[in-house]
Amino acid sequence: MKRRNKAKHAGVLVPPVSAVPDRMTNQFLRGFATTGLLLAVRPGGRLAPKALLHHALRGGAALAAGAAAANALDRRDYGGAAWSLAIGAAGIAAIDTLMTGACALLEKETEDGQEEAA
């Protein structure tokens, strides 16, 4: 058996897993897809597409905020962790407000369209 020459491979640097940047867009997409899939295949019945989108957006925002807070805690940045959670909560509140307003507008347009057709 031949021994490997360690000096030959010493110049190869492999970054540790924690050195790879953890982008919030990736975390948001993971949460969005996971929540959407879980709700789409749930045994209790199907959700309306608007409700599914609403919950998937909330899941994405929650996972992104949680991941950002965990990363900040890993760096011992307690203020950053608090800000991450606060911004995540504000994002979820904004999603709720926008989705509720959009659903109300769509329902009003549908009602107006039905009244005009009658």
For Ala64 against Gln27, the heavy-atom pair lying closest together: CA-CB, 3.9 Å
Non-hydrogen atoms of Ser84 and Ala69 that approach each other most closely: CB-N, 3.7 Å
Non-hydrogen side-chain atoms of Arg46 and Leu52 separated by less than 4.5 Å: no
Shortest non-hydrogen contact from Tyr78 toward Leu73: CD2-CD2, 3.5 Å
Arg76 atom CZ, neighbour heavy-atom count above 12 within 6.0 Å: no
Atom of Gly31, atom of Leu63 and distance for their closest heavy-atom approach: N-CD2, 3.3 Å
Which atom of His55 lies closest to which atom of Thr35, heavy atoms considered: O-CG2, 3.4 Å
Thr34 side, atom OG1; Phe32 side, atom CZ - distance, nearest 0.5 Å: 11.0 Å
Minimum heavy-atom distance between Ala65 and Gly88, given as atom pair plus value: CB-CA, 3.5 Å
Intermediate values then yes/no, side-chain contact (heavy atoms from CB on, under 4.5 Å), Asp96 and His54: CA-CA 7 Å; Asp96 288 343; His54 184 193; 2.7 Å; yes
Joint hydrophobic cluster, Ile95 plus Leu53, side-chain heavy atoms closer than 4.5 Å: yes
